[in-house]
Peer 1: 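I have a structure I would like to understand better, so I am pasting it below and will then ask my questions one at a time.
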Amino acid sequence: MKAAIVFNHPYEGSYCAAILKAVTNGLLKAGHEADLIHLDNDGFDPVMRANDLKGFKDGIPCDPQVLKYRERLNEADQLIIIFPIWWELMPAMTKGFIDKVIFPGVAYDYDNSGRYPKMIKRWNNLNGVTVITTMNTPSFIYRLVFGNAIKKAVFNGTFWKLGFKKRKWISFNMVKFVNQEKREKWLRQLEERFEKLN
């Protein structure tokens, strides 16, 4: 199995970086292949520019980095996205990845034959999508006060619309405030989880 990991965090000492290592170790222990798309290290441009919007209209992406990502994602069986939640939302590069890579001609096409346009996913090899996030907000506050923004935007507003039935969200909350022992336990559990991924 080949897993594409989309990672967005600029600081190598972050807990997200530790999560990336645990996920990768679990996949490799199971004999899977891990293809890392590190948005920060790639210098990915998250901004939708005029040419990108013309490409959206025509279903033809123009950003060379997006074209490279398309080739790699076409070969993936699993998509894993890792990022921190800052001010209740994803960082700019993660949002830019969704805007510019979850894109007509890359992740899906439109079927205009019916009364309403329908999205037809192109990533037919993908069996599932897992989103892993960190935040310092308690989970119940994130749901009740801030409206579970990532679930609405990423799970429902993106991958559900594309037709992915196997979607998982692993959220690590209060990361800054829990002790080191608990953080290490989370990482061990995460590694074991991805060692069993099939």
Side-chain angles (χ1 to χ4, degrees), residues 1-9 16 19-20 23 27 32 34-35 37 39 44 46 48 52-53 55-57 59 61 63 66 69-135 137 139-173 190 193-194 196-198:
M1 185 190 77
K2 183 172 184 178
I5 305 174
V6 176
F7 180 80
N8 178 197
H9 202 298
C16 277
I19 286 171
L20 172 62
V23 168
L27 291 168
H32 300 314
D35 179 17
I37 294 173
L39 300 177
F44 176 66
M48 284 281 278
D52 297 305
L53 291 170
F56 187 93
K57 175 181 158 295
D63 185 327
V66 170
Y69 290 163
R70 176 173 66 182
E71 296 307 311
R72 293 163 67 181
L73 290 162
N74 283 344
E75 298 175 359
D77 302 296
Q78 294 282 336
L79 176 60
I80 302 162
I81 306 175
I82 303 170
F83 60 90
I85 293 177
W86 293 338
W87 293 110
E88 320 321 326
L89 295 170
M90 69 281 281
M93 282 190 176
T94 302
K95 182 59 167 69
F97 178 87
I98 291 171
D99 290 342
K100 294 178 73 172
V101 182
I102 313 294
F103 191 93
V106 179
Y108 66 95
D109 293 307
Y110 282 113
D111 177 0
N112 294 311
S113 61
R115 183 175 177 186
Y116 299 106
K118 181 180 177 183
M119 286 179 164
I120 307 296
K121 67 179 178 180
R122 293 175 62 107
W123 291 339
N124 293 316
N125 290 338
L126 277 184
N127 296 320
V129 178
T130 302
V131 175
I132 306 173
T133 59
T134 62
M135 70 174 95
T137 303
S139 60
F140 72 95
I141 293 207
Y142 191 71
R143 289 194 313 272
L144 298 177
V145 177
F146 300 118
N148 229 357
I150 292 299
K151 182 177 181 182
K152 289 179 180 178
V154 178
F155 269 65
N156 299 337
T158 304
F159 292 109
W160 177 80
K161 280 169 71 174
L162 287 175
F164 288 100
K165 294 180 180 177
K166 293 184 179 178
R167 304 182 314 279
K168 295 176 185 172
W169 178 20
I170 303 169
S171 177
F172 294 102
N173 298 68
L190 199 58
R193 179 173 187 154
F194 280 89
K196 296 172 185 175
L197 186 69
N198 54 31

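Index from 1, following the sequence.
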Peer 1: Can you tell me how the ring of F164 sits relative to the ring of F159, calling it parallel under 30°, perpendicular over 60° and tilted otherwise?
Peer 2: perpendicular
Peer 1: Which word best sums up how the rings of F44 and Y69 line up, parallel for under 30°, tilted for 30 to 60°, or perpendicular for over 60°?
Peer 2: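 Taking Y69 first and then F44, their aromatic rings sit tilted (interplane angle of 30° to 60°).
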Peer 1: Assess the residue pair L73 and L79 against the criterion (side-chain contact (heavy atoms from CB on, under 4.5 Å)); give the C-alpha distance rounded to whole Å, side-chain angles, the decisive distance to 0.1 Å, and a yes or no.
Peer 2: CA-CA 8 Å; L73 290 162; L79 176 60; 3.9 Å; yes
Peer 1: Can you tell me how far apart CD (Q78) and CG (L27) are? Round to the nearest 0.5 Å.
Peer 2: 9.0 Å
Peer 1: Just do the side-chain contact (heavy atoms from CB on, under 4.5 Å) check on R122 and D109 with the steps written out, would you?
Peer 2: CA-CA 7 Å; R122 293 175 62 107; D109 293 307; 3.0 Å; yes
Peer 1: Less than 4.5 Å apart, side chain to side chain, heavy atoms only: is that true for T137 and Y142?
Peer 2: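 Result yes, sub-4.5 Å side-chain heavy-atom pair found.
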Peer 1: Any heavy-atom pair between the side chains of V6 and I82 that's under 4.5 Å?
Peer 2: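 Not in contact.
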Peer 1: Which distance, rounded to the nearest 0.5 Å, do you find between the CH2 of W160 and the CZ of R167?
Peer 2: 8.5 Å
Peer 1: Identify every side-chain donor-acceptor pair in residues 88-105 under 3.5 Å, counting partners at least two apart or on other chains, and give the distances.
Peer 2:
| from | atom 1 | to | atom 2 | distance (Å) |
| --- | --- | --- | --- | --- |
| T94 | OG1 | N8 | OD1 | 2.8 |
| K95 | NZ | D99 | OD1 | 2.7 |
| K95 | NZ | D99 | OD2 | 3.2 |
| K100 | NZ | D45 | O | 2.9 |
| K100 | NZ | V47 | O | 3.3 |
| K100 | NZ | D63 | OD2 | 2.7 |

Peer 1: Considering only heavy atoms from C-beta outward, does the side chain of I80 approach that of F194 to under 4.5 Å?
Peer 2: yes
Peer 1: Is it the case that atom NZ in K121 sees more than 12 heavy atoms from other parts of the structure closer than 6.0 Å?
Peer 2: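 Atom NZ in K121 is packed in, count exceeds 12.
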Peer 1: Could you give the distance from CG (N125) to CG (N74), rounded to the nearest 0.5 Å?
Peer 2: 7.5 Å
Peer 1: Is the shortest side-chain heavy-atom distance between M1 and L197 below 4.5 Å?
Peer 2: yes
Peer 1: Under the side-chain contact (heavy atoms from CB on, under 4.5 Å) rule, what do M119 and Y110 come out as? Steps first, then yes or no, please.
Peer 2: CA-CA 5 Å; M119 286 179 164; Y110 282 113; 4.0 Å; yes
Peer 1: Locate the shortest heavy-atom distance separating K152 from G147; write the atom from each residue and the value.
Peer 2: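 That closest heavy-atom pairing would be CE-O, 3.1 Å.
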Peer 1: Measure the shortest side-chain to side-chain distance between I19 and L190 over non-hydrogen atoms and say whether it is less than 4.5 angstrom.
Peer 2: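 Answer yes - side chains close enough.
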Peer 1: Find out whether F7 and L39 are in side-chain contact, i.e. whether some heavy atom of one side chain is under 4.5 Å from a heavy atom of the other.
Peer 2: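 Result no, sub-4.5 Å side-chain heavy-atom pair not found.
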Peer 1: Just how far is it from atom CD1 of I81 to atom CH2 of W169, taken to the nearest 0.5 Å?
Peer 2: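 So the gap between those two atoms works out to 13.0 Å.
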Peer 1: Determine whether T134 and I85 make a side-chain contact, defined as any pair of heavy atoms from C-beta on separated by less than 4.5 Å.
Peer 2: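 Of all side-chain heavy-atom pairs linking I85 with T134, none is under 4.5 Å.
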Peer 1: Would you give the length of the straight line joining atom CD1 of I37 to atom CZ of R72, rounded to the nearest 0.5 angstrom?
Peer 2: 4.5 Å
Peer 1: For K2, what residues pass the side chain to side chain contact (heavy atoms under 4.5 Å, CB included) criterion, not counting sequence neighbours?
Peer 2: E33, D35, E75, D77
Peer 1: Could you give the distance from OG1 (T133) to CE (M135), rounded to the nearest 0.5 Å?
Peer 2: 4.5 Å
Peer 1: With the side chain counted from C-beta on, respond yes when K168 and V131 share a heavy-atom pair under 4.5 Å apart, and no when they do not.
Peer 2: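 Counting from C-beta outward, K168 and V131 never come under 4.5 Å.
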